[in-house]
Amino acid sequence: MSTHPSTAPTLPEHAPRAPRTSAWRTVHAGAMIAAADFRAMYTWTTWTFGWLARMLSQAVFFALVGKVFSSPGGERYLFVGNALMACAIEAMLVITSSAWERRSGTLPLLVASPAELAWVFVGRSLQWIPSGIATSTTTLLVLGPFFGVHWTVPGAAAMVCLVALTAVGTYCFGLFLSALALSATTWRNTISNVAYLGMMAVCGVEVPVSVWPTAVRWVAWTLPLTHDLLALRGVLDGAPVGTVLLRVLLGTATALGWLALALPAFGRVAASGRRSGTLQSTG
């Protein structure tokens, strides 16, 4: 029996690879896509009277619950927590928007590109950060005086910085969950909702962290929102600068920790998808 040489093309054993794109260029390109997505989703009127109005109403609702059912000071406590929570809720939308890439079938192209997959997704959903900052800042400045929250100029400047820190820190946490959601895109909304509702429960938004058992408190301390919210309450209550800065440092450290976990998690998603041949799955 005769044999015929295969006519299928073969790649050299050590085929040269395209040079990797820098992280900065990759994040910048992802951010441009994020901005285009945001413009496609919102106009200034739909953002203002749709999204912003919804989050303002949520903050007011919880503040009024505090006024009716809580002890003195509960109204202010709940307003501040839920006003800051608005930017965290928006930052957690990174989970949903990251899953769009797999559902639209573009994930194989991203994996094959010379860019690191993790940095693609760092930039891919950045639109939620400035939007979240604007939402929380507007809520705290516009509605704050109605619920006993008054700002000095230095206090307002510190508040804006802490809102930005919260949005970025929560985004880093959301990136880690995004890598998990890429492997189960049908669960993307469930993961996002459970994550932000869990933060509302344990991070001091609705009740102090101290009311929870020790194990739950340890979980809360791993989340940037817990530390950033304590820092914001400290600014409002006139806490020493050192105390506020300590909370800022802890919030920053936990955010960097989640980012450090997220970056290799995206690499594992790519490697697993290659092995199983499921990168093109849109489920």
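Below, all heavy atoms of this structure are taken into account, side chains as well, without hydrogens, waters or symmetry copies.
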Test your reading of the model: is there a side-chain donor-acceptor pair from [X] to the backbone of [Y], 3.5 Å cut-off?
X	Y	value
Trp258	Leu223	no
Trp212	Trp218	no
Thr254	Gly251	yes

State the [atom1]-[atom2] distance between [X] and [Y], to the nearest 0.5 angstrom.
X	Y	atom1	atom2	value
Ile89	Thr170	CD1	OG1	10.0 Å
Leu93	Ser192	CG	OG	5.5 Å
Asn189	Thr96	CG	OG1	4.5 Å
Leu52	Arg54	CG	CZ	11.5 Å
Leu117	Arg268	CG	CZ	12.5 Å
Trp128	Cys87	CH2	SG	14.0 Å

Testing the basics here: between [X] and [Y], what is the closest heavy-atom pair and its distance to 0.1 Å?
X	Y	result
Ala34	Gly123	CB-O, 3.7 Å
Ile95	Gly174	CG1-O, 3.6 Å
Phe121	Ser98	CE2-O, 3.4 Å
Ala156	Leu141	CB-CD2, 4.4 Å
Val244	Gly234	CG2-C, 4.1 Å
Leu78	Val65	CD1-C, 4.5 Å

### Task
Inspect the surroundings of CZ in Arg217 and state if more than 12 heavy atoms from other residues, nucleotides or ligands are less than 6.0 Å away.
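More than 12 heavy atoms, drawn from other residues, nucleotides or ligands, come within 6.0 Å of this atom.
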### Query
Is it the case that more than 12 heavy atoms not belonging to Trp187 sit under 6.0 Å from its CH2 atom?
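Atom CH2 in Trp187 is not crowded, with 12 or fewer foreign heavy atoms closer than 6.0 Å.
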Hey, are the side chains of [X] and [Y] touching, using non-hydrogen atoms and a 4.5 Å cut-off?
X	Y	answer
Phe173	Thr222	no
Val94	Arg124	no
Glu90	Met55	no
Phe146	Val60	no
Asn82	Glu206	yes
Asp228	Val248	no
Pro224	Cys172	no
Tyr171	Leu126	yes

Verify same cluster id: [X], [Y] (apolar side-chain graph, 4.5 Å):
X	Y	value
Leu56	Tyr42	yes
Val122	Trp100	yes
Met159	Leu250	no
Leu261	Val219	no
Val209	Leu249	no

### Query
Does Arg233 have any side-chain hydrogen bond (donor to acceptor under 3.5 Å, both in side chains) partners at least two apart in sequence or in another chain, and if so, which?
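With neighbours one apart ignored, the set is empty.
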### Task
Give the intermediate values and the outcome of side-chain contact (heavy atoms from CB on, under 4.5 Å) for residues Arg247 and Leu162.
CA-CA 10 Å; Arg247 289 299 176 190; Leu162 287 169; over 6 Å; no
### Task
Could you go through the side chain to side chain donor-acceptor pair (under 3.5 Å) check for Ser131 and Trp47 one step at a time?
CA-CA 9 Å; Ser131 179; Trp47 185 87; 2.9 Å; yes
### Message
Run the side-chain contact (heavy atoms from CB on, under 4.5 Å) test on Leu225 and Met85 for me, step by step, so that the C-alpha distance in whole Å, both residues' side-chain angles and the decisive distance to 0.1 Å come before the verdict.
### Response
CA-CA 8 Å; Leu225 175 63; Met85 186 68 210; 3.6 Å; yes
### Task
Decide whether Trp221 and Thr226 meet the rule of one side-chain donor and one side-chain acceptor closer than 3.5 Å.
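No, Thr226 and Trp221 have no side-chain donor paired with an acceptor closer than 3.5 Å.
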### Query
Do the side-chain N and O atoms of Thr46 and Thr43 include a donor-acceptor pair separated by under 3.5 angstrom?
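Short answer, yes.
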### Query
When Ile, Leu, Val, Met, Phe, Trp and Tyr are grouped by side-chain heavy atoms lying under 4.5 Å apart, directly or through other members, which residues fall in the same group as Val241?
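Hydrophobic cluster check, Val241: joined to Leu245.
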### Query
Going by side-chain heavy atoms closer than 4.5 Å, which hydrophobic residues are tied to Leu256, directly or by a chain of links?
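Traced through the cluster, Leu256 reaches no other member.
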### Query
Would Leu182 and Phe266 satisfy side-chain contact (heavy atoms from CB on, under 4.5 Å), going step by step from the backbone distance to the final call?
CA-CA 9 Å; Leu182 276 177; Phe266 282 109; 3.6 Å; yes
### Message
Taking salt bridge (charged side-chain N to carboxylate O under 4.0 Å, His left out) as the definition, give me every residue that meets it alongside Arg76, ordered by chain and number, with sequence neighbours left out.
### Response
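Asp237.
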### Task
Kindly write out the residues that satisfy side-chain contact (heavy atoms from CB on, under 4.5 Å) with Val194, not counting sequence neighbours, or none if the list is empty.
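Partners of Val194 under the side-chain contact (heavy atoms from CB on, under 4.5 Å) test: Thr190.
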### Task
Please name all residues satisfying side-chain contact (heavy atoms from CB on, under 4.5 Å) with Met32, sequence neighbours left out, ordered by chain then number.
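With sequence neighbours excluded, Met32 shows a side-chain contact (heavy atoms from CB on, under 4.5 Å) to His28, given in chain and number order.
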### Verdict with supporting geometry, Leu140 and Phe79, side-chain contact (heavy atoms from CB on, under 4.5 Å)
CA-CA 8 Å; Leu140 287 162; Phe79 171 75; 4.2 Å; yes
